[in-house]
Structures are given as structure tokens and as C-alpha cells.
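Taking it in order: structure first as C-alpha cells, then the write-up.
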2 protein chains.
Amino acid sequence: MTQASARRPRADAQRNRERVLEAAEHLFAAMGLAAQTDDVAREAGVGVGTVYRHFPTKRLLVEAVIARRTESLLAAARAAIHDPDPGEAFRRTFTRGAELLGRNRAIAEDVAGGMNLPALPPGIKQALFAALSELATRAQSAGQLRADVCPADVVMLVSCVAHSVELAHRFDPGLRRRFVALVLDGLRPDVATPLPGHRLDLDDLHRLAARRGGH
Amino acid sequence: MTQASARRPRADAQRNRERVLEAAEHLFAAMGLAAQTDDVAREAGVGVGTVYRHFPTKRLLVEAVIARRTESLLAAARAAIHDPDPGEAFRRTFTRGAELLGRNRAIAEDVAGGMNLPALPPGIKQALFAALSELATRAQSAGQLRADVCPADVVMLVSCVAHSVELAHRFDPGLRRRFVALVLDGLRPDVATPLPGHRLDLDDLHRLAARRGGH
DNA sequence: TGACAAACGGAGTCGCGGCTCCGTATGCTT
DNA sequence: AAGCATACGGAGCCGCGACTCCGTTTGTCA
């Protein structure tokens with residue numbers, strides 16, 4: 001068997017890794033994915049080489065940042081599943097997610113542009129979407145969410161909220177909140193002009209993504 | 001005064017310009033703005049140099065294509081202003097616009113990512129947004145559209161529809177239609193949880209865009 | 001039909017941004 | 001304190017895609 005792991009990393013390495021993550025969080029939140037690795041390095045007071053040693057790819061750095069910023073939302077979403085008022089639980093979680101997106105441009109861009117499903121092993125994004133779907137289904141059973149939306153619609157709406165974050169950034173911060181309010185109104189069970197087309201769940205979404213991705 | 005214009009351009013030049021436009025329309029519709037100028041040239045059976053002689057910039061080529069594909073929608077939008085049923089006129093025009101976006105990936109990307117307001121002299125995009133705002137206002141006066149949405153919201157919704165086109169392309173064509181239906185439901189006057197924040201009209205939007213653009 | 005302006009083609013340039021390489025510095029262990 | 005693995009820095013590389021330049025071709029007009 002191969003000589004396994006890992007004595008504890010050197011102190012400066014650990015410190016620098018933390019600095020890089022913090023710099024990346026700031027820059028990505030403020031400038032989105034357009035922030036360059038060199039900028040992150042400068043902000044962290046570190047050379048580019050160091051950034052790439054800790055995060056061999058820009059994508060990996062981005063995902064590390066997203067993971068850190070998303071954990072508590074995932075916890076909240078999972079807790080909300082047992083809320084006695086499923087409609088409210090869904091709306092609260094949806095809104096809270098929107099606010100996270102509003103606070104971090106890079107996460108918004110990532111969710112808007114990709115929601116690219118083959119993410120990290122832990123798969124926080126998938127977990128979040130799964131929890132949100134669960135919340136939606138419960139709200140539907142309670143008659144507090146229109147019955148004809150499906151998990152794929154919810155994912156799409158989240159992606160559109162992420163898109164509205166970019167617009168809000170470019171024009172007016174208020175736009176995002178107004179959009180979320182409009183969407184939630186459109187999701188009420190009483191309006192409900194039946195939606196065209198067919199329902200898709202998260203698995204269908206994965207399958208379709210894989211097919212198109214494979215070209 | 002300077003020697004003014006323009007004897008008629010050479011026959012091959014005219015022919016090539018047309019070929020380039022047509023190739024660009026096909027490629028941009030199918031692959032979005034990711035289609036490269038070299039591809040357009042190849043598809044047109046022409047050298048890159050020729051493309052750049054007729055359209056000195058990729059952006060100018062894109063805008064020429066958009067202008068061609070958008071004219072008839074603008075005419076329809078303007079005609080709809082005099083429709084006796086303003087609610088229906090708004091919804092029909094909104095839907096028709098969404099379908100145009102669904103048919104042309106590049107236009108969708110352009111509307112989603114930029115809706116960058118300083119466009120060509122004719123300013124087709126502005127004209128379209130103006131007409132759509134007018135339609136919305138009339139629908140509101142007739143009590144067929146919630147009173148608290150404003151022109152900026154409508155522009156944002158269009159941009160989000162454009163975004164949903166990308167998702168539809170990547171996952172399932174049905175997603176766009178479902179999104180449009182959801183949004184139109186959210187715009188009905190009877191639901192109307194009041195929207196947060198303040199109203200913005202198109203001029204505000206221009207002003208804000210200019211301020212941010214100037215950094 | 002000759003001559004010349006107009007147009008063509010496409011190899012090459014250029015800027016950008018992600019990433020690598022390697023000579024130097026530094027923390028840890030003995 | 002010496003030695004070595006680990007980590008650092010940042011100049012430079014490389015691929016990509018928009019755009020240019022110039023030698024060649026072609027339409028037009030006298």
C-alpha cells in the first residue's frame with residue numbers, strides 16, 4: 001500500500017491558505033468571477049504561485065469559497081423541512097437563499113451561469129436544491145404552493161433570481177427583492193393558470209445536463 | 001464641404017455583405033455569442049478580412065443581426081398599443097418577445113447580459129422597451145396588470161426570460177414557456193402582495209446604468 | 001481591353017488571463 | 001546549528017479569440 005498521509009502542514013502554509021480564502025471571499029463577493037487570480041494573490045499579500053499551490057485551479061478556489069459561504073444556508077434549509085408551516089418554510093428559505101446570492105456576486109454568477117451539476121464531492125449545491133425541492137413538495141401537499149410547478153422549475157427560478165442579482169448590481173439593488181416578490185406571487189396556489197409542458201424532477205435535470213454536456 | 005458619398009458598392013461586396021449577415025444569423029441563433037468571427041467567415045464562404053470590412057467589430061455584426069431579427073417584433077409591439085384589450089395586448093407582446101428570444105440564442109444573451117442601453121443610433125432595443133412599458137402602463141390603467149410593477153421591473157423580467165432561454169437550451173426547451181407563464185401569473189392584479197422598494201422608470205434605469213458604467 | 005480603385009483572403013499580431021517553473025526563502029526536526 | 005523538505009514569489013508561458021495588414025484578385029468604367 002502507498003505511504004499514506006500527511007503530517008500537519010507548515011504553519012505559514014496554513015496561514016496563507018486562510019489569507020487566500022479570505023481575500024477570495026472579499027474579491028469574489030464584490031467583483032464576481034471576473035476577479036482574477038492575480039488580484040486575489042495581491043489582496044492576500046501572497047504570490048500567484050502560492051494561490052495555485054493551495055487551489056490548483058481557479059474553479060477549485062471558487063468552489064471552496066462557495067462551500068464556506070453556503071454551509072449555514074444548507075443547515076437552515078434542512079431544518080426548515082420540519083417546520084409546521086410548509087408554505088412559510090419554503091418562502092423563507094427561498095428568500096434567504098436569494099439574500100445570500102445578493103450578498104455574493106460570484107455565487108450568483110455561478111448559480112446563474114452554471115448551476116453546473118458535477119460540483120465538488122460534498123455537492124453542496126445539489127444538496128441545497130434537493131432540500132429546496134423537498135420544501136416545495138411539502139408546501140404543495142399543504143396546498144400552499146401551486147401544484148403544477150416541479151423541482152426543475154424551482155431550480156430555474158433560483159437561477160433567475162441569481163441573474164437578477166447581476167441586474168440589481170448594475171442598476172438598482174431593489175430590483176432583486178422586487179423580482180423575488182413577483183416570483184413568490186406567481187407561485188401562489190390560487191392564481192395558477194396551468195403551466196404548459198411537462199414536469200421534470202432533479203434527476204431528469206441531471207440526465208439532460210449530461211446529454212447536452214456530452215454534446 | 002467634404003466630397004460626400006458613395007457610388008453604389010461593387011456587386012461582389014454587396015453579395016458578400018448579405019452572405020455574412022445570413023451566416024451570422026444562423027450561427028448566432030444556434031450557438032449564441034460564443035460563435036466566433038472566423039466561424040461566421042467560414043460559414044459565409046468568405047475570409048475574415050471581408051467580415052471585418054463590412055462589420056468593423058464583432059459587436060457591430062451582432063447588432064446588425066439583432067436589428068434585422070427584431071424589426072417585426074417592434075412593429076407588432078407598436079401596433080398592440082392601440083389594442084382594445086390592453087391586458088391581452090401586453091401579455092401577447094411579452095410572450096411574442098419571449099418566443100423571439102427562444103429562437104435566437106445570441107439575442108437572448110445580449111438582452112440577458114447587457115440590455116446595454118447605449119446601442120445603435122436607431123436604438124431598437126430602447127424602442128422595444130419603451131413600447132412594452134407603454135403597453136404595461138395601459139394594462140395597469142385597465143386594471144389588468146398589478147399596479148405596483150414599474151417599467152424597470154418589466155425590463156428586468158424580460159432580461160430574466162432571456163436568461164431562462166439559456167437554461168432551456170441547456171436542459172429542456174419547455175422551461176422557458178413555464179417561466180413566462182409563472183411570471184405572467186405573478187403580474188396579475190389580484191395576487192399582488194405589495195412589492196418592496198421603490199418604482200423606477202426607464203429614464204432612471206438609463207441614469208443608473210450610466211453612473212455605474214462610469215464607475 | 002486596359003487600368004485602377006475597390007474588395008478579397010487569411011496568415012499573423014496582440015492583449016488577456018489562467019497557469020507553470022524554478023531559484024530562493026523559511027519552518028521544522030535532530 | 002545544520003540540513004532538508006516544504007513553501008514561497010513572480011517572471012514568463014501558452015492558448016484563445018478579436019482584429020490587422022498587405023499582396024493578390026476582381027468588378028467597373030472609359
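So you know, we letter chains A, B, ... as the sequences are listed, proteins then strands, and number each from 1.
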Write down the distance between CG (A:D38) and P (D:dG12), rounded to a whole number of angstrom. 14 Å
Rounded to whole Å, please give me the gap between CG in A:D39 and P in C:dC19. 14 Å
Using heavy atoms to find the nearest nucleotide of DNA chain D for B:K58 and B:R53 separately, return the residue whose nucleotide is more 5′. B:K58
Given that A:N16 and B:L33 both sit by DNA chain D, which one's nearest nucleotide is further toward the 5' end? A:N16
Does A:R15 come within less than 4.0 Å of A:E18, counting only side-chain N to carboxylate O? no
Side-chain atoms of A:H54 come closest, of C:dG9, D:dC8, C:dC8, to D:dC8
Separation of D:dT6 atom C1' from A:R17 atom CZ, nearest Å, is 16 Å
Does a side-chain N or O of B:T50 approach OP1 or OP2 of C:dG9 to a distance below 4.0 Å, or not? yes
Is atom CZ of B:R177 surrounded by more than 12 heavy atoms (other residues, nucleotides or ligands) closer than 6.0 Å? no
Using only atom types and a distance under 3.5 Å, with no angle test, would you say the side chain of B:T70 pairs donor to acceptor with the backbone of B:I66? yes
When rounded to whole Å, the CZ to C1' distance for the pair A:F55 and D:dA7 reads 15 Å
When the distance from CE of B:M31 to C1' of D:dG17 is rounded to whole Å, what number comes out? 13 Å
Candidates C:dG9, C:dA7, C:dT20 - which lies nearest the side chain of B:A13: C:dA7
Side-chain heavy-atom pair B:E43, B:V40 within 4.5 angstrom cut-off: no
Using 30° and 60° as the class limits, which term best fits the ring planes of A:F179 and B:F179: parallel, tilted or perpendicular? tilted
Quick one: A:R59 CZ to C:dG17 P, roughly how many Å, whole number? 18 Å
Between the protein and nucleotides 23-28 of chain C, list every N/O to N/O distance that falls short of 3.5 Å.
{"from": "C:dT26", "atom 1": "O2", "to": "A:R10", "atom 2": "NH1", "distance (Å)": "3.1"}
{"from": "C:dT26", "atom 1": "O2", "to": "A:R10", "atom 2": "NH2", "distance (Å)": "3.4"}
{"from": "C:dC28", "atom 1": "OP1", "to": "A:A11", "atom 2": "N", "distance (Å)": "3.3"}

Selection from C:dT20, C:dC8, C:dG18 that lies nearest to any side-chain heavy atom of A:Q36: C:dG18
Could you check which of D:dA18, C:dG18, C:dG9 has an atom nearest any side-chain atom of A:T37? C:dG18
Separation between CG of A:D172 and CG of B:D204, rounded to the nearest 0.5 Å: 8.5 Å
Ignoring the backbone of B:V48, work out which of C:dC8, C:dA11, C:dG18 is nearest its side chain. C:dA11
Does a salt bridge link A:R59 with A:D110, judged by any charged N lying under 4.0 Å from a carboxylate O? yes
For the pair made of OH in B:Y52 and C1' in D:dT20, what is the distance, rounded to whole Å? 10 Å
